[in-house]
Amino acid sequence: MKVSIAIDGPAAAGKSTVAKIVAKKLHITYIDTGAMYRAYTYYCLEHGIDCQDEAACCAVIDEVNIELLPGDKVLCNGEDVSEAIRTPYVSSQVSYIASYKDIRLALVEKQREMAGRKSVIMDGRDIGTYVLPNADVKIYQIASVETRAIRRYDENISKGIDCTLEEVLEDVRKRDYIDSHRDFAPLKAAPDSVLLDTSYLTVDQVVDAIIEIVEEKMGKEVLTLNG
Ligand code: DC
């Protein structure tokens with residue numbers, strides 16, 4: 001049985017944390033689409049391209065080759081950028097890159113290609129509305145902006161990334177605004193998605209809730225999937 005699960009929602013809602021665990025439990029592939037926009041942003045920054053200059057950012061589309069490998073590894077033109085794409089500087093610029101239609105079209109093509117071959121759980125902003133409109137299960141995962149900022153701040157500190165809670169809160173607010181106000185494939189809940197507010201839930205509780213939603217839709221045998 002092939003299954004596709006779309007998880008969308010605002011920045012730092014914990015989508016990737018739970019998607020990775022659900023992927024393991026269901027033996028399916030996790031695809032982190034945000035990492036692709038981050039890798040593209042990293043490339044622009046490394047090449048001195050202003051991320052607010054749409055024409056300049058889109059002009060290098062053919063030069064940027066992004067690969068997602070097992071174990072959360074992200075390659076940009078063969079270079080391992082898995083950690084470099086998580087810095088606050090990349091986070092502060094990535095929403096500009098993700099608002100450019102030509103870049104989105106190129107990355108979405110890759111995302112659909114990856115999902116076409118196997119069972120996947122894919123997280124992002126436009127998965128249920130645009131990338132995989134026929135996904136079997138669609139979740140729209142939210143949490144209050146304060147909760148999300150605290151979670152991201154704690155994550156940064158545990159990784160040794162220097163930041164203040166105020167900076168993270170400001171970045172999350174800014175990204176939410178840009179991601180939900182762009183013209184092409186903005187962040188929004190698909191009409192057929194299930195809303196999951198994780199503000200007061202632990203990671204395990206969110207994982208259990210998602211598995212339950214998937215089982216309800218696909219049947220218990222979904223747990224025996226093996227990709
Ligand atoms: O999920 P994330 O924080 O790693 O995503 C980084 C940025 O990429 C986010 O601010 C919005 C953008 N993004 C998007 O526009 N569409 C996606 N499918 C995934 C991410």
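One-based numbering along the sequence shown. Ligands are counted one by one from 1 in listed order, and the atoms in each one are counted from 1 as well.
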Problem - cation_pi(R112, Y130) dist<6.0 Å, angle<=45 - result: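 Yes - R112 lies over the ring of Y130, closer than 6.0 Å to its centre and within 45° of its axis.
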Handout entry: Cationic N near anionic O, under 4.0 Å, K20 to D72
Key =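 Here K20 pairs with D72 in a salt bridge, since their nearest N and O are under 4.0 Å apart.
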Exercise for the section: Taking only Lys NZ, Arg NE, NH1 and NH2, and the carboxylate oxygens of Asp or Glu, determine whether E155 and K159 approach each other closer than 4.0 Å. Expected result: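 So E155 pairs with K159 through a salt bridge.
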List ligand 1 atoms under 4.0 Å from [X], heavy atoms only on the residue side.
| X | value |
| --- | --- |
| S95 | 10 (O) |
| R38 | 2 (P), 3 (O), 4 (O), 6 (C) |
| D126 | 16 (N), 17 (C), 18 (N) |
| R182 | 14 (C), 15 (O), 16 (N) |
| D179 | 9 (C), 10 (O), 11 (C) |
| A98 | 12 (C), 15 (O) |

Handout entry: Pairwise side-chain contact, P186 with D126, heavy-atom cut-off 4.5 Å (strictly under)
Key = no
Practice task
Would you mind telling me if ligand 1 is within reach of the side chain of R175, the backbone, both or neither, using heavy atoms under 4.0 Å?
Solution key: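 For R175, only side-chain atoms sit under 4.0 Å from ligand 1.
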Practice task
Measure R104 to ligand 1 on non-hydrogen atoms and call it side chain, backbone, both or neither using the 4.0 Å cut-off.
Solution key: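 Near ligand 1, R104 shows its side chain, while the N, CA, C and O stay back.
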Distance-only N or O hit between ligand 1 and [X], under 3.5 Å:
| X | result |
| --- | --- |
| Y37 | no |
| R125 | yes |
| D123 | no |

Practice task
Kindly work out whether a path of hydrophobic side-chain contacts (I/L/V/M/F/W/Y, heavy atoms less than 4.5 Å apart) joins I178 to V172.
Solution key: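 No, because I178 and V172 fall into different hydrophobic clusters, even though each may have its own neighbours under 4.5 Å.
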Exercise for the section: Identify whether I5 and Y140 are in the same connected component of the hydrophobic contact network (ILVMFWY, side-chain heavy atoms under 4.5 Å). Expected result: no
Exercise for the section: Nearest heavy atom to atom 19 (C) of ligand 1 wins, so pick from T33, V172, T129. Expected result: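 Nearest option to atom 19 (C) of ligand 1, by heavy atoms: T33.
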Exercise for the section: Check for a donor-acceptor pair, side chain of R148 on one end and backbone N or O of A11 on the other, with a separation under 3.5 Å. Expected result: yes
Exercise for the section: Could you check atom 20 (C) of ligand 1 against the protein and tell me its nearest heavy-atom contact, residue, atom and distance included? Expected result: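 Sorting protein heavy atoms by distance from atom 20 (C) of ligand 1 puts G34 CA, 3.5 Å first.
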Practice task
Quick one: pull up CG in D192 and OG1 in T129 and give me the separation to the nearest 0.5 Å.
Solution key: 10.0 Å
Exercise for the section: Compute whether any side-chain donor of one residue and acceptor of the other, for R117 and T29, lie under 3.5 angstrom apart. Expected result: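 Checked: R117/T29 side chains show no N/O donor-acceptor pair below 3.5 Å.
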